[in-house]
Protein chains: 2
Amino acid sequence: MANNLPYAFTCQSIPCDTDAMTEFDPAPHATSDDRPADLRAGAFQGVREARRNELAEDYVELIAELIHDQGEARPVDIAARLGVKVPTVSKTLDRLAREGLITRAKYRSVFLTDDGRSLAKECRRRHEIVLRFLISLGLDPVTAERDAEGIEHHVSERTLALFSAFASRS
Amino acid sequence: MANNLPYAFTCQSIPCDTDAMTEFDPAPHATSDDRPADLRAGAFQGVREARRNELAEDYVELIAELIHDQGEARPVDIAARLGVKVPTVSKTLDRLAREGLITRAKYRSVFLTDDGRSLAKECRRRHEIVLRFLISLGLDPVTAERDAEGIEHHVSERTLALFSAFASRS
DNA sequence: GCACAAAGTTAGACATGGCTAACAATCTGC
DNA sequence: GCAGATTGTTAGCCATGTCTAACTTTGTGC
């Protein structure tokens, strides 16, 4: 699923990377805390990694949505949906093109590459699972949507599976 | 500063501005507009806001931890825990000092201000709740720690309450 | 088919967050 | 109390993400 993507979307996209950085132990001595420091240390690595990709994921997911709903993805619409200005979008789209997630021609709307499309699909899947999970927990849809938007980039495959199972059996 | 927290944690407090796009239906299930676009549009605002504060939150939380565990928070330890280089920490600490979350003197270790302390406490609380929730869902502790680190900055108070309740009754 | 509006781009400013290299201060072990 | 190791700071580089201002292109209406 994720192996044709140009990035290491390590935090979420690769289900079996859970051994990657947990063995690193910078703290000279973890005192009698019941919550070992090394766990947290390792966690930061993954989070920083994930943060680097959040924006790209938001973009491709949104672009896919716009194409689906309106037939095309125009910078002006992307900007409106994200709540940023058009030049910001333009610059970011350049980056995404450079990274092979989209293609674009000057003054024309944006298209996803195969990589972009599969990233979008993956993102959408995560989004849906998180959203359904939150709603099945009893959260109102507005808050659920907002929280899902933030959370979706930070859930591991393992957690996603639990969320999914929980939502199904509710 | 309104309350004793230096930032607006607007991730949860942004009112839903339902003005933008019309309906569309990306989800296969919904008949017409079960999940209106405006929900997602609004969500991005909050997420971007939250992202701006994540790093500061990570820092103060970690600083509080270091002070608790080792008596002091030194840049070298912060750097090791976060997995970044010391100059990066130094620069970020300058910013946090500028923002009134910490105090520091040259070549000495770092202290939290009252604002910093209450932010740290708040973050720790969120972290604990998310972590306990994930574990009570059945997630292994290592993954739970990693996911909690990413998720904690993006859960609304409402979601947190649900998480907390769920973890308690398990 | 022209003029104007809307959309897109480019340039440039600014803050952040990461890095390395070079230097300064502090701490430690004789 | 001094030398060397460790720690911390400063300077400077780069990429990103945001903005505004100015310009260009596209598209529309008449």
Side-chain angles (χ1 to χ4, degrees), chain A residues 6-8 26-29 44-60 62-63 66 70-111 150 153, chain B residues 6-7 10 20-21 44-60 62-63 66 70-111 150 153:
Chain A
Y7 302 158
H29 178 79
F44 282 118
Q45 316 279 337
V47 172
R48 271 218 324 290
E49 184 60 30
R51 280 176 194 160
R52 275 219 307 276
N53 302 320
E54 284 181 55
L55 199 68
E57 296 184 5
D58 287 343
Y59 268 77
V60 295
L62 176 53
I63 290 166
L66 286 170
Q70 317 196 324
E72 61 174 355
R74 295 149 75 228
V76 69
D77 292 329
I78 298 172
R81 295 281 194 106
L82 293 177
V84 300
K85 303 299 179 185
V86 174
T88 301
V89 169
S90 195
K91 202 193 263 192
T92 303
L93 291 178
D94 285 342
R95 196 198 102 201
L96 299 185
R98 219 190 312 136
E99 293 172 349
L101 292 170
I102 66 168
T103 57
R104 62 193 306 236
K106 269 195 169 188
Y107 299 99
R108 316 318 296 264
S109 56
V110 177
F111 300 93
H153 306 284
Chain B
Y7 297 162
T10 46
M21 305 296 156
F44 282 118
Q45 319 279 337
V47 172
R48 272 218 324 289
E49 185 60 33
R51 280 175 194 162
R52 276 220 305 277
N53 301 320
E54 285 180 51
L55 198 68
E57 296 183 7
D58 288 343
Y59 268 78
V60 296
L62 176 53
I63 289 165
L66 287 169
Q70 317 194 324
E72 61 174 356
R74 296 149 74 228
V76 70
D77 293 329
I78 297 172
R81 295 281 195 106
L82 292 178
V84 299
K85 302 300 179 185
V86 174
T88 300
V89 169
S90 196
K91 202 193 265 192
T92 303
L93 290 177
D94 285 342
R95 195 198 102 200
L96 299 185
R98 220 188 312 136
E99 292 173 350
L101 292 170
I102 64 168
T103 58
R104 62 194 305 235
K106 270 194 167 188
Y107 297 100
R108 316 317 296 264
S109 57
V110 177
F111 300 93
H153 306 284

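Below, read A as the first sequence line, B as the second, and so on, with proteins coming before strands; counting in each chain starts at 1. Please read these numbers as outputs of a predicted model, since none were measured by experiment.
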Completion exercise
Counting primed atoms, P, OP1 and OP2 as sugar-phosphate and everything else as base, the B/S/- map of nucleotides 16-21 of chain D against protein heavy atoms under 4.0 Å is SBBBBB
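Put simply, CG on Leu101(B) and OH on Tyr59(B) are 12.5 Å apart, with the number rounded to the nearest 0.5 Å. Interatomic distance, Asp94(B) CG to Arg104(B) CZ, rounded to the nearest 0.5 Å: 5.0 Å. Here the CG atom belonging to Leu55(A) is positioned 9.0 Å from the CZ atom belonging to Phe44(B), to the nearest 0.5 angstrom. To the nearest 0.5 angstrom, Ile78(A) atom CD1 is 5.0 Å from Leu93(A) atom CG. Residue Glu72(B) holds its CD atom at 12.5 Å from CD1 of Ile63(B), rounded to the nearest 0.5 Å.
Across Pro75(B) and Val86(B), no two heavy atoms sit closer than the pair CB-CG1, 4.3 Å.
A salt bridge links Asp58(A) with Arg51(B): the closest approach of a Lys/Arg side-chain nitrogen to an acidic carboxylate oxygen falls below 4.0 angstrom.
We find that CD of Gln45(A) is positioned 11 Å from P of dG18(C), with the value rounded to whole Å. Nucleotide dG27(D) holds its C1' atom 12 Å from the CD atom of Glu72(A), rounded to whole Å. In this entry the distance linking CD1 of Ile102(A) with P of dG8(C) reads 13 Å, nearest Å. If you take CG of Asp77(B) and C1' of dT7(D), they are 10 Å apart, rounded to a whole angstrom. Summarising the geometry, the separation between CD1 on Ile78(B) and P on dG18(C) is reported as 13 Å, rounded to the nearest angstrom. The OH-C1' distance, from Tyr107(A) to dT25(D), rounds to 5 Å in whole Å. dA15(D) atom C1' lies 14 Å from atom CG of Asn53(A), rounded to whole Å. One can place CZ of Arg74(A) at 14 Å from P of dT26(D), the figure rounded to the nearest angstrom.
Side-chain nitrogen and oxygen atoms of Arg104(A) include at least one within less than 4.0 Å of the OP1 or OP2 phosphate oxygen of dT9(C). Phosphate proximity of dG8(D) to Ser90(B): absent, as no side-chain N or O sits under 4.0 Å from OP1 or OP2.
Checked against dG8(D), dC27(C), dT10(D), the side chain of Val76(B) finds its nearest nucleotide in dG8(D).
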